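Notes follow once the structure below has been shown.
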Amino acid sequence: MSTYYLNYLEELESEAIFILREVWSQFQNPVILFSGGKDSILVTHLAKKAFHPAKIPFALMHVDTGHNFPEAIQFRDDLAKKLGVNLIVGSVQESINKGRVAEEKGKNATRNALQITTLLDSLEEHKVDCAIGGGRRDEEKARAKERFFSHRDEFGQWDPKNQRPELWNLLNGKYFEGEHFRAFPISNWTEMDVWNYLTKEKIEIPSLYLAHQRDVVKRNGSWIPNSEFLKLEPNEEIVSKRIRFRTLGDITITGGIESEADTMEKIVEEVSTMRETERGNRSDDKRSETAMEDRKKDGYF
């Protein structure tokens with residue numbers, strides 16, 4: 001009898017599909033947190049595979065800060081329409097208007113942390129008991145502490161010391177009223193794994209990930225895109241550079257890198273030589289050594 005072996009991408013795919021099916025079997029109303037970035041695109045594609053030929057049984061949920069890349073928002077809307085799934089959008093601007101959060105001030109002001117309140121309000125409003133995210137352990141040291149099923153208390157907060165053990169393939173989604181979970185089916189993937197898989201599967205991605213000409217300004221060692229939200233300092237100058245983005249967040253905090261990688265194959269080649277984490281150009285992660293962990297403990301993605 002012949003023996004069939006999975007290659008490493010197929011093993012990662014199989015693990016992620018197993019986790020997605022476990023989410024559907026253990027929770028009542030799960031959603032996929034979708035930003036239009038490559039990781040949430042990958043999770044959505046894996047969900048398509050997990051439940052084929054039926055359509056994806058999860059709604060897509062996006063927390064819109066109002067400072068997103070227009071290309072990412074267009075990609076989000078187009079994909080939701082193509083898949084025929086419900087798109088839930090929580091608005092940070094609405095949270096500001098209602099007095100739920102206060103707008104930051106100053107040169108490096110960002111709405112990134114403000115997403116926490118909007119996200120938790122959206123999860124409560126739509127009675128979501130599990131939010132599926134595209135977080136990966138190789139991205140950042142706080143995310144390296146995550147389990148596949150990440151328990152959040154009644155305040156939406158994450159305690160890394162109070163998580164359920166995950167022995168073998170046993171995932172525990174039991175929670176008390178008011179609590180919920182986050183699930184991370186691609187936790188074990190690396191940036192290189194993601195790009196190899198996206199390339200192999202020929203998955204469509206926003207053009208922002210490919211090298212293109214864009215007006216940018218050098219700030220905190222990163223090329224920040226010019227936009228209506230950017231407040232220039234007297235010593236700052238807008239220049240045109242051929243860049244691409246390794247990760248997508250708010251247009252105000254996402255730094256690009258100079259690159260000639262204008263195809264997915266070239267991105268794979270480029271990533272293979274890089275030694276800095278993909279979030280190294282995110283100014284929100286440079287605020288302190290524990291910036292990401294502090295946000296996660298408050299209820300961040």
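All residue numbers refer to positions in the sequence shown, counting from 1. All values reported here derive from a predicted model rather than from experimental measurement.
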(Q) For E191, run the salt bridge (charged side-chain N to carboxylate O under 4.0 Å, His left out) check against R246, R137, K38 and tell me which one passes. (A)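 Going through the options one by one, the only one that passes is R246.
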
Contact check, side chains of [X] and [Y], non-hydrogen atoms, under 4.5 Å:
X: F245; Y: P225; result: yes
X: L120; Y: R152; result: no
X: D250; Y: F69; result: no
X: V194; Y: R136; result: yes
X: D153; Y: D159; result: no
X: L12; Y: Y197; result: no
X: N68; Y: H62; result: yes
X: K81; Y: L87; result: no

Applying side chain to side chain donor-acceptor pair (under 3.5 Å), can you list everything that pairs with [X], at least two apart in sequence or on another chain?
X: E22; value: Q26
X: S187; value: none
X: E11; value: none
X: E125; value: none

Determine whether a donor-acceptor pair (N or O, by modelled atom type, separation under 3.5 Å) exists between the side chain of [X] and the backbone of [Y].
X: N29; Y: K127; value: yes
X: E124; Y: D121; value: no
X: N220; Y: S222; value: no
X: N7; Y: L9; value: yes
X: D129; Y: Q28; value: yes
X: Q115; Y: N112; value: yes
X: Q163; Y: R147; value: no

Under 6.0 Å from the [atom1] atom of [X], do we count more than 12 heavy atoms belonging to anything else shown?
X: K218; atom1: NZ; value: yes
X: E154; atom1: CD; value: yes
X: E166; atom1: CD; value: yes

Between [X] and [Y] (salt bridge meaning N to carboxylate O under 4.0 Å), is one present in this structure?
X: E146; Y: R182; value: no
X: E201; Y: K49; value: yes
X: K266; Y: D262; value: yes

With a cutoff of under 4.5 Å between side-chain heavy atoms, which Ile, Leu, Val, Met, Phe, Trp and Tyr residues group with [X]?
X: I73; value: none
X: I17; value: none
X: L170; value: L167, W168

Nearest-0.5 Å distance, [atom1] of residue [X] to [atom2] of residue [Y]:
X: L20; Y: K48; atom1: CG; atom2: NZ; value: 13.5 Å
X: D78; Y: L83; atom1: CG; atom2: CG; value: 11.0 Å
X: I32; Y: T44; atom1: CD1; atom2: OG1; value: 4.5 Å
X: I224; Y: E236; atom1: CD1; atom2: CD; value: 9.5 Å
X: D215; Y: S227; atom1: CG; atom2: OG; value: 11.0 Å
X: D193; Y: L42; atom1: CG; atom2: CG; value: 10.0 Å

Query raised in the report: Of E258, H212, E270, which meets side chain to side chain donor-acceptor pair (under 3.5 Å) against R244?
Result: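 So, applying the side chain to side chain donor-acceptor pair (under 3.5 Å) to R244 and each of E258, H212, E270, only E270 qualifies.
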
Which residues pass the ring-ring contact (aromatic ring centres under 6.0 Å, His included) test with [X], sequence neighbours left out?
X: Y209; answer: W195
X: F181; answer: F27, H151
X: F229; answer: H67

Which pair of heavy atoms, one from [X] and one from [Y], lies closest together, and at what distance?
X: S40; Y: S35; value: OG-N, 3.3 Å
X: G84; Y: K55; value: O-NZ, 2.9 Å
X: V43; Y: G134; value: CG2-CA, 3.9 Å
X: T254; Y: T247; value: CG2-O, 2.9 Å
X: G36; Y: I41; value: O-CD1, 3.5 Å
X: W223; Y: V239; value: CZ3-CG2, 3.6 Å

(message) side-chain contact (heavy atoms from CB on, under 4.5 Å) for F149 and R164? Distances and angles first, verdict last.
(response) CA-CA 8 Å; F149 278 13; R164 311 288 171 77; over 6 Å; no

Give the C-alpha distance, both sets of side-chain angles, the deciding distance and a yes or no for side-chain contact (heavy atoms from CB on, under 4.5 Å) between L60 and V31. CA-CA 6 Å; L60 303 183; V31 299; over 6 Å; no

*asked:* Apply side-chain contact (heavy atoms from CB on, under 4.5 Å) to residues R100 and L114 and explain how you reach the verdict.
replied: CA-CA 9 Å; R100 295 280 293 142; L114 307 189; over 6 Å; no

Residue set satisfying salt bridge (charged side-chain N to carboxylate O under 4.0 Å, His left out) with E260, at least two apart, ordered chain then number -> R242

- Query: Run the side-chain contact (heavy atoms from CB on, under 4.5 Å) check on V92 and V63 step by step: do they pass?
  - Reply: CA-CA 7 Å; V92 171; V63 177; 4.0 Å; yes

- prompt: With hydrophobic residues grouped by side-chain heavy-atom distances under 4.5 Å, do L46 and Y8 end up in a single group?
  reply: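 Yes; Y8 is reachable from L46 via cluster members.
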
message: Ignoring hydrogens and geometry beyond distance, is a side-chain donor-acceptor pair present between T199 and N196 at under 3.5 Å?
response: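 Distance-only check fails for T199 and N196.
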
Hey, does the Lys NZ or Arg CZ of R21 hover above the aromatic six-ring of F58, less than 6.0 Å from the centre and inside 45° of the axis? no

So the side chain to side chain donor-acceptor pair (under 3.5 Å) pairs with at least one residue in residues 84-96 (sequence neighbours excluded) are Q93-N97, Q93-R111, S95-T118

